[in-house]
Number of protein chains: 2
Amino acid sequence: MAVDQRRSPSASERKRDPERTRARIIEAAAAEFGAKGYAAARTSDIAARAGVNKQLISYYFGGKEGLYKELATSWHGTAAEMASQEQPLDAVLASFVATTLTDHGRVWAWSNLADDSPSTDQEFLRAQVDQLRDRQAAGELPADLDPGLLLLTLMAAAAAPLTLRQTARQITGEDPGTREFAEKYAAQLALLVRHLSGRT
Amino acid sequence: MAVDQRRSPSASERKRDPERTRARIIEAAAAEFGAKGYAAARTSDIAARAGVNKQLISYYFGGKEGLYKELATSWHGTAAEMASQEQPLDAVLASFVATTLTDHGRVWAWSNLADDSPSTDQEFLRAQVDQLRDRQAAGELPADLDPGLLLLTLMAAAAAPLTLRQTARQITGEDPGTREFAEKYAAQLALLVRHLSGRT
DNA sequence: GATTAAGTCAACCCATTGGTTGATAACGGA
DNA sequence: TCCGTTATCAACCAATGGGTTGACTTAATC
């Protein structure tokens with residue numbers, strides 16, 4: 001360790017780095033909460049995974065619950081971006097399927113079952129509903145469906161490998177958590193919405 | 001309490017009734033596990049809800065986990081029946097939507113997220129896949145879809161008010177746990193599969 | 001009626017878990 | 001270089017929660 005440490009302290013070789021520590025804790029929390037859900041997740045496990053003393057969870061986030069809330073709100077920004085870009089419906093569904101494989105997605109699924117926190121970003125949902133309405137107006141989707149409920153159906157369908165994880169495994173015999181499965185499933189969904197749009 | 005208790009002991013006015021006690025505990029467990037999930041559910045709450053001493057959970061089921069497993073397997077019989085009857089697809093979906101409002105359904109959803117227990121009955125799933133394949137052969141559903149994945153999609157879609165509970169609430173502004181919502185949603189799904197089948 | 005078995009409960013036990021404390025080390029500015 | 005602040009940690013703490021113990025009560029059997 002003969003490296004001069006006084007200069008350029010932002011490099012990765014630092015003894016103390018609050019930013020990095022915070023980030024590591026959040027990342028570890030996403031993994032743990034995502035894997036086991038809030039109640040079953042252990043703060044000591046989160047700290048261990050982050051490679052950090054568990055007291056730092058209190059120090060930075062005010063405890064387990066604070067950390068969870070931070071996590072829940074932290075990706076609202078990300079979702080908002082995703083909403084803005086106009087893509088073919090296939091692509092939207094595919095990207096949604098993809099996010100269900102992330103830790104974020106898993107936490108989202110857990111939080112959807114519990115009735116504690118506001119899970120999804122309102123902006124995102126509104127934008128998506130509007131987009132569906134547009135597609136209906138353009139004849140891309142049947143006009144007699146309620147766009148809100150349709151969005152709900154499509155999101156649930158896309159999230160199936162996550163929310164119905166065990167069932168998916170039992171039906172297909174494969175692990176629904178892999179990228180291959182997600183791609184195959186997304187392809188199937190694309191096929192399905194094509195049928196929906198009338199063009200067989 | 002001047003009622004003669006010695007005669008006809010199977011009536012509801014008994015001091016001790018193991019059957020009833022067992023049933024009450026199971027019922028209470030379904031409610032608690034369904035509401036909060038396994039990890040967050042408290043055995044004392046289950047006992048309290050059942051109006052019974054919490055030790056009886058150990059006595060009858062060997063503890064929290066035993067109770068949970070009992071619960072998980074207890075409705076496999078019920079599901080099997082549901083599978084056998086040949087109904088129009090609308091009806092199948094509707095009954096599936098309906099079961100997502102029950103405590104059973106909620107527990108099922110939780111157990112699907114966690115990777116602990118075998119959640120759904122294998123028989124049931126196989127039967128449903130076969131049924132879908134038949135419908136494809138009959139031209140009722142597009143033949144180019146994989147029947148297994150299609151079942152997954154349909155189940156996920158039907159379970160949306162449960163698995164995407166918070167999101168559903170945010171999208172529609174209503175409580176997705178009510179019977180009215182379930183009916184409205186089932187109607188929407190019926191409409192959707194009709195579009196799928198080609199007959200616009 | 002006596003004896004045994006089954007059912008139920010109040011009280012206690014102890015491992016787990018989230019959180020706190022106080023000490024210590026690193027960093028940055030005077 | 002010294003000092004105050006910030007970051008980090010090991011050890012400790014209180015509460016929670018699932019489980020057990022032992023006593024007591026009801027029901028069935030002889």
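Sequence lines set the chain letters: A, B, ... in the order given, protein chains first and strands last, and positions in each chain run from 1.
Considering only heavy atoms from C-beta on, A:K184 stays 4.5 Å or farther from B:D146 through its side chain. Using a 4.5 Å heavy-atom threshold, the side chains of B:V52 and B:R24 count as separate.
In this structure, B:E19 places its CD atom 13 Å from C1' of C:dA6, rounding to the nearest Å. What separates CD1 of A:I57 from C1' of C:dT20 is a distance of 14 Å, to the nearest Å. In this entry the distance linking CG of A:L56 with P of C:dA25 reads 16 Å, nearest Å. Between the CZ atom of A:F61 and the C1' atom of D:dA7 there is a distance of 14 Å, given to the nearest Å. At whole-Å resolution of the value, NZ in B:K64 and P in D:dT20 are 14 Å apart. Counting to the nearest Å, the C1' atom of D:dA7 and the CG atom of A:D17 are 10 Å from each other. Counting to the nearest Å, the P atom of C:dG19 and the CD1 atom of A:I25 are 13 Å from each other. Protein atom CZ of A:R24 is 16 Å distant from nucleotide atom P of D:dA7, rounded to whole Å.
Of all the heavy atoms in B:Y185 and B:A160, the pair that sits closest is OH-CB, 3.4 Å. Among all heavy-atom pairs drawn from B:L151 and B:L125, the shortest one is CD2-O, 3.8 Å. Across all their heavy atoms, B:L162 and B:A109 have their closest contact at CD1-CB, 3.8 Å.
Residues from residues 32-45 of chain A placing a heavy atom under 4.0 Å of any atom in DNA chain D do not occur.
Salt-bridge check for B:D115 with A:R169: failed, with every basic side-chain N at 4.0 Å or more from each acidic carboxylate O.
Residue-environment remark: CD (B:Q136) exceeds the threshold of 12 foreign heavy atoms within 6.0 Å. Heavy atoms from other residues, nucleotides or ligands lying under 6.0 Å from CD of B:E65 number 12 at most. At most 12 heavy atoms of other shown residues, nucleotides or ligands fall within 6.0 angstrom of atom CD in B:E27.
Remark: of the listed residues B:R194, B:R133, B:R135, B:R135 is the sole one forming a salt bridge (Lys or Arg N to Asp or Glu O under 4.0 Å) with B:E140. Of the listed residues (B:F61, B:W110, B:Y38), just one forms a ring pair (Phe, Tyr, Trp, His ring centres under 6.0 Å) with B:Y68, and that residue is B:Y38.
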Protein-nucleotides 11-14 of chain D N/O pairs closer than 3.5 Å?
none

Would you list the protein and nucleotides 23-25 of chain D atom pairs, both N or O, that sit under 3.5 Å from each other?
from, atom 1, to, atom 2, distance (Å)
D:dT25, O2, B:R16, NH1, 3.3
D:dT25, O2, B:R16, NH2, 2.7

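The side chain of A:Y59 contributes an N or O atom lying less than 4.0 Å from OP1 or OP2 of D:dA7. Neither OP1 nor OP2 of D:dG18 sits under 4.0 Å from any side-chain N or O of B:S58.
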